[in-house]
Structure formats: C-alpha cells, structure tokens
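Residue numbers run from 1 in the order of the sequence given.
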Amino acid sequence: MPTVPYKNEIPKKYNPQNTSTAVLKNTFAIRLKEFKRLWKAISQSTMESPEQHYIIQGVRGAGKTTLLTRLCIEVEESDTLSSWLIPIQLKEEEYGISSLFSFWLRIAEDLEEHPLYGKHFKGLAEDIEDIEQEDGEDAKMAFKRLNNALNHQQQKIIIFIDNIAELFDHFSKIDIATLREVLSQCANLRIIGGSAISLENFYDHKDPFYQFFNVITLNSLSKQETLDLLLALAKVAGEEAVKQISLAIEQQPEKIESIRRLTGGVPRTIALLFDILAEGPHGTTFGYLDDTLDMASPIYKHRMDDLSKQQKPIVHAIAKHWDAISVKEIAQKTRINSKTISAQLSQLQKQWIVEKIPTDNKNHLYRIHERFFNIWYLMRYGRRRDKNKLLWLTRFIEMWCTQEDLTHRIAQFSSGLSSEAYLPGTLAYTSALLGCKTISIHEKEQIYQHAHDFFKQQSDASYLSSLPEIDGKEYVDQAFAYMEKEEFEKALSYFEKAALKGVFKSYFLIGYLYHIELNNPQLAEENYLKAIKHEVTVTYPHIALLYMSYRLSDKKEQALVYAKKGVSHSEDLFSLRALIFTALWNNELNTATTAMEKLLKGTIEKQSIEENIEYINDLFLFFLAKKQTHLVDNWLNEFDLIEELKPLYYTLMCLMEDEYPNEYLRMGSELKETVEEMLAGIDKLAITFS
C-alpha cells in the first residue's frame with residue numbers, strides 16, 4: 001500500500017513500457033549517460049547502410065526496459081526521425097515468438113497496428129502467414145516480404161527487444177545464422193536489445209553473434225544516482241513524499257547509503273523500498289517491509305526459476321548462510337563436489353546472482369550479490385521450525401536502522417504494547433529485535449521483559465510460549481567484554497545468565513575467573529564441577545591444576561584422574577602440562593614421562609618451542625625435583641634445547657656434578673645467581689610435592 005495518497009499516476013515497477021509517456025519522462029532520472037550515448041548513435045544515423053546494433057545488459061530491475069522505452073518514446077517524438085524511422089518495442093515476455101519466422105510475423109503485426117503508418121502495411125501480416133512452412137526458407141521469405149514493404153513505403157524500423165538473449169535462445173542455429181546475415185546486410189532495420197544475463201554466448205568465437213553487438217552494461221547505481229532516483233519518485237508521489245525524502249537526504253544520508261547497499265544499487269528494488277523511506281521517522285517501517293518483500297516476489301522468483309538444477313541448491317546454501325561462505329562450506333551443505341560448485345559459482349557471478357569476496361589465498365568467499373534478494377529468500381524459504389525463521393527481518397533491521405533509529409524504535413516498541421497491538425506482528429517484531437546484533441544486551445533484556453509481560457496478559461498462551469529467549473551466547477559475549485575491562489564481577493553475572501540459558505561452558509568460565517582472577521578456590525571448584533557435570537571437557541586440566549596450585553593434597557589423586565580425562569579428550573599443550581604436573585605430584589613417573597615426550601615432540605613439530613620455553617622449563621624443574629636428572633639430560637640433548645635453556649642446563653650440571661665434574665665450571669658469571677635460585681626452587685618443589 002502507498003505511503004501517501006498518490007495524486008498522479010504511479011510509475012510501473014515491472015512493466016515500465018505501460019507507464020504513461022509523461023510519467024516515464026518525469027521519473028527518468030538515471031541511466032542518463034547510457035541514454036545520451038544510445039540516442040546519439042540513433043539520432044545521428046541515416047541508416048543508409050547497415051548500422052551497429054546494441055545490447056544493454058544488467059541484472060533484472062537494473063533499468064533496461066525503462067531505458068529501451070525511453071529511447072522508443074524519443075524516436076516517436078523526434079520530428080527528424082519519425083517521418084522515416086518507425087520504433088517497435090516488443091514486450092518483456094514474447095511467448096508467441098519461438099522462431100525467426102514468428103519474429104518477422106510479430107514485427108509485421110506491429111507495423112499494421114501503428115497509429116500513423118499502419119494503413120500502409122495493411123495485409124502484410126496475413127501475407128507472411130500464408131508462406132508455406134519450410135525449414136529455414138519460410139523465415140527468409142518472411143523477411144523478404146517485410147523488407148519489400150519497408151522499401152515500398154520508404155520506411156525503416158528500429159526494434160527494441162527486451163530479454164533478447166532469451167528470445168534468441170528459442171531460435172534454431174539456422175535462424176540465428178540467417179538473422180546475423182540480415183542484420184549485417186540490411187539497412188532497413190536496427191536492433192537495440194536488453195539482457196538480464198552476461199552475454200557469454202556472444203563472446204564465444206564459434207557463435208554467429210561473436211562480437212556482433214555493441215554491449216552496454218548497466219552497473220549498480222552510484223550514491224548520486226540513488227538520490228536522483230528517490231527525488232524523482234518523490235515528486236510523482238506528492239508533496240509529503242518530497243518532504244520526507246528531502247529530510248532523509250539532509251539529516252540521514254547514511255540511510256540513503258544503506259538503501260543503496262541493501263539493494264545492491266538495483267533501481268527497481270530501490271523503487272520498491274521507496275515507500276519505507278518516504279514514511280518518515282515515525283512510520284510503521286516493518287509493516288511496509290512485508291508488503292515490499294511480497295511485491296518483490298515476481299522479480300526474485302523469476303531469478304530463482306532461471307537457475308539451473310545445480311545452481312539452485314548452491315544459491316540456497318549461500319542465501320541461508322547470509323554471511324560470505326567458502327566453496328568448502330557450500331560443498332558440506334549441498335553435498336556437491338567442490339569443482340562443480342566452483343564452475344557454477346563462475347556462472348552465477350556472470351548472472352549477477354553471487355559476488356566473490358577475494359581473500360589472500362585461493363579459498364575465496366561468496367555471498368548473494370543483492371542483499372535485499374537475500375532477505376527475500378530468507379523470508380520465503382526459511383524453515384518454520386528454524387529458530388532463525390525471522391532472520392530476514394533481523395537482517396533488514398540491522399542494515400536499515402541507524403543506532404538513533406534503533407533507540408527510537410525500541411522506545412516506540414515498548415510504548416506501543418497495548419490492547420490494540422497486532423499479536424502476530426508484535427511477536428515477529430520482538431523476535432527480530434532480540435536477534436539483532438546491533439542492539440545491546442541491556443536493551444534486549446528490556447525488550448524481552450516488556451514483551452513477556454505483554455504476552456502474559458493475553459488470553460492466547462501460545463504467544464508467550466513462542467516468545468524466543470535471548471540467545472545465551474550474547475550473554476557470553478557481554479561477559480567477555482567486561483573481562484577485557486577487568487570488571488570481573490559484572491562478567492560473572494553475565495556468565496551466570498548464559499549458564500541459565502543452557503550455555504554450560506559458562507560454568508567453566510565462571511570457575512576460571514574465581515581460580516585465576518579472584519583467588520577463590522572454593523567457588524572455582526564448585527563451578528568447574530558444574531561444567532564437568534555438563535560434559536564441558538576443557539574443564540578437566542583446569543580443575544586438576546586448581547587442586548595442585550592450592551596444594552590440596554587430599555585431592556591429588558582426583559587431580560590426576562581429571563588430568564588423564566583431559567588428555568583423553570585433547571592432547572593439547574595445556575592438557576599435557578596438567579597431566580605431567582599431576583602425575584609427578586602422584587609419583588606416577590611413567591605417565592609423566594610419556595606425556596612429556598609427547599609435549600616435546602608436539603612443540604618441535606609445530607615449531608612452537610620458543611613461545612612455550614617457559615612452560616617447558618618449569619616442567620623440567622619439576623622432573624628435577626623428582627630427581628629425574630638423567631631424563632632431563634636426555635631430553636635436552638635429544639631435542640637440542642641446551643642453548644634455549646642454558647640456565648636450566650647448568651642447574652642440571654650442578655646436580656650431576658659427579659658425572660660431569662667440570663661442566664658446570666663453564667657457566668658464565670651472569671648465570672650464577674639464576675642457577676642458585678633454580679636449585680633452591682627445586683628443593684622447595686621436592687618438599688612441597690613430596
């Protein structure tokens with residue numbers, strides 16, 4: 001429904017050729033450069049010899065039909081041209097044209113119906129219809145009669161053909177070859193076509209039309225072109241629309257840029273979203289959105305229907321993912337092999353369905369080119385049971401609204417929860433707001449509470465049960481934000497909320513905060529155990545080291561049990577460290593030795609010795625505290641660590657003085673104090689963890 005009562009005719013978004021001449025001319029505010037180029041080529045030609053033919057290519061809705069219609073009008077209104085050049089514009093879908101013969105017949109029918117010259121071509125269509133069917137020859141004969149009629153009347157024709165590639169696709173090879181011959185040799189006709197696909201077949205050197213047409217590409221609208229289009233639409237819509245659009249341009253230029261990016265700069269989609277923009281800051285944007293998406297269905301459904309059998313699941317996977325996605329991820333979702341996907345992605349780029357996001361390697365990313373098309377797809381094909389079934393509305397809010405808009409709309413939402421509120425719409429809007437990444441967790445808590453209280457008052461309990469909870473991961477993100485600012489108490493409160501939402505890893509994170517930052521072993525253990533109960537396996541090595549760091553000797557055996565479980569789930573550096581420490585604490589030398597060798601081999605393979613040298617040094621000291629001098633000596637030599645651990649090496653030499661009586665004498669004086677500290681530390685470890 002329109003935002004304001006239109007006093008004038010509304011420009012046709014899907015069939016601009018049916019828009020009145022006056023309105024089309026008044027709203028023709030874009031594609032002016034392309035128009036001037038083509039008009040110059042048409043108006044300066046006398047067509048004494050065969051002329052250059054053109055094809056305008058661009059995505060559906062890029063303005064091809066409007067540009068063709070505008071050119072057709074200009075030819076009709078030209079005093080210079082109209083006396084000898086007859087413009088003929090074919091409809092976007094010419095279902096009756098299936099061959100070159102029927103193409104010439106259609107031209108003849110249009111000539112007979114021409115308001116000025118029709119009487120001169122009376123009977124031409126019937127004359128062509130009488131030609132006997134003969135493979136290829138009937139088309140030649142049809143053109144001969146058409147051309148003779150044009151010569152007799154001293155007239156020429158310029159044919160504006162929308163979807164020209166699709167039209168030619170119906171022609172046989174003989175038809176295409178014949179048409180090329182006609183266009184190359186005959187000066188009585190000229191073609192200006194439009195195509196919604198990249199004309200690869202015309203670039204194939206084997207094709208009759210290779211490099212035959214001069215191709216003009218309609219690219220995405222620039223910022224200025226978008227402003228020009230919106231203002232032109234506003235002038236037709238009325239004074240109130242002009243006022244709102246002018247205010248938006250002046251006060252919210254970022255919203256105009258948002259609409260350009262959201263639509264991919266496609267004029268038809270910008271026109272569809274015009275009503276939402278023209279409603280002003282206090283309108284019901286999201287009521288219009290649903291209608292707008294519905295109006296967009298013809299163009300977007302056509303786009304999907306045109307895809308091949310293999311392309312459809314690929315586009316589905318990309319659209320459902322929303323963010324850019326890799327070929328590998330598409331393959332996992334579609335079960336189509338990567339080579340096939342890559343080939344189809346190349347075609348989808350030529351069709352302007354998908355855009356490639358280059359990376360610094362060969363694994364490029366892909367996403368839907370027009371974001372509003374992606375929103376439409378999510379709305380139309382999102383699964384009902386999918387918790388993100390309103391993702392389309394959420395993504396629109398994120399892309400459309402500024403932070404100021406969001407603040408206003410959140411306040412408007414809360415105040416608008418009255419007995420007159422439309423319940424399904426309120427639930428959808430609430431769900432979308434709660435899924436928005438750009439709304440803070442504090443605001444979402446307010447939204448949820450207001451909506452919860454509102455739906456609780458309704459007689460239909462299904463709305464309250466359908467109200468989505470705030471995603472627990474958002475509480476985790478907020479908690480991490482507080483951790484970075486070292487506001488640990490606030491971080492704890494949000495981790496606790498996340499845990500209640502089922503994000504059980506939060507128990508581990510709470511335990512970690514109490515363990516490392518707040519020095520509270522009791523609460524650390526309590527939350528670590530909750531995490532273990534919920535099978536958060538990363539907890540095992542941490543609780544083992546908790547028991548050890550607080551020297552809870554009554555729990556040293558349990559510490560070893562947890563450390564072993566940790567390694568059984570992941571043999572990462574931290575888990576191996578925990579196992580080595582707790583095994584040595586429990587005097588399980590074989591377990592500690594096996595784990596240490598795995599750790600050393602792993603760090604060598606990953607070339608991470610240097611970044612982990614302090615941890616390795618501490619582990620060696622603990623082995624020395626357990627009097628494992630020969631083991632440490634072997635490892636230092638086997639893994640070539642003497643230079644990296646020079647202080648430790650001379651500490652070892654002091655401990656092995658009987659076997660290496662002179663080696664420790666090589667030690668530089670600068671290391672003496674450090675070695676003495678290490679020897680004292682070894683003695684302390686031996687006593688503490690005896």
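Applying the salt bridge (charged side-chain N to carboxylate O under 4.0 Å, His left out) rule to D228 yields no partners; only residues at least two apart in sequence or on another chain are considered. With sequence neighbours left out, the salt bridge (charged side-chain N to carboxylate O under 4.0 Å, His left out) criterion links E74 to R70. Every residue meeting the side chain to side chain contact (heavy atoms under 4.5 Å, CB included) condition with E181, not counting sequence neighbours, appears here in chain and number order: Q185. Take S83 and apply the side chain to side chain contact (heavy atoms under 4.5 Å, CB included) test, not counting sequence neighbours, and it matches no residue. Not counting sequence neighbours, the partners of Q251 by the side chain to side chain contact (heavy atoms under 4.5 Å, CB included) test are L247. Scanning for salt bridge (charged side-chain N to carboxylate O under 4.0 Å, His left out) contacts around E257 gives R260, R261, with sequence neighbours left out. In this structure H114 satisfies the ring pair (Phe, Tyr, Trp, His ring centres under 6.0 Å) test together with Y117, sequence neighbours excluded. The side chain to side chain contact (heavy atoms under 4.5 Å, CB included) test applied to E109 returns L105, R106, A125, not counting sequence neighbours. With sequence neighbours left out, N147 forms a side-chain hydrogen bond (donor to acceptor under 3.5 Å, both in side chains) with N188.
Residue pairs meeting the ring pair (Phe, Tyr, Trp, His ring centres under 6.0 Å) criterion with at least one member in residues 48-69, sequence neighbours excluded: H53-F212. Pairs passing the salt bridge (Lys or Arg N to Asp or Glu O under 4.0 Å) check and including a residue from residues 300-312, sequence neighbours excluded, read R60-D306, K301-D305, R303-E370. The list of salt bridge (Lys or Arg N to Asp or Glu O under 4.0 Å) pairs with a residue in residues 25-49, not counting sequence neighbours, reads K25-E77.
Between F168 and F171, the two ring planes are tilted [angle within 30° to 60°].
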Derivation of the side chain to side chain contact (heavy atoms under 4.5 Å, CB included) call for F143 and L100 = CA-CA 9 Å; F143 175 72; L100 184 57; over 6 Å; no

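In terms of heavy atoms, E76 sits closest to P87 at CG-CG, 3.4 Å. Considering all non-hydrogen atoms of both residues, I318 and N374 come closest at O-OD1, 4.4 Å.
The backbone N or O of S99 sits nowhere less than 3.5 Å from a side-chain atom of H170 that would complete a donor-acceptor pair.
Around atom CD of Q52, more than 12 heavy atoms belonging to other residues, nucleotides or ligands sit under 6.0 Å away.
Proximity of F101 to Q133: side-chain heavy atoms (C-beta onward) are nowhere separated by under 4.5 Å.
I192 pairs with exactly one of I161, I159, L68, V75 by the side chain to side chain contact (heavy atoms under 4.5 Å, CB included) rule, that one being L68.
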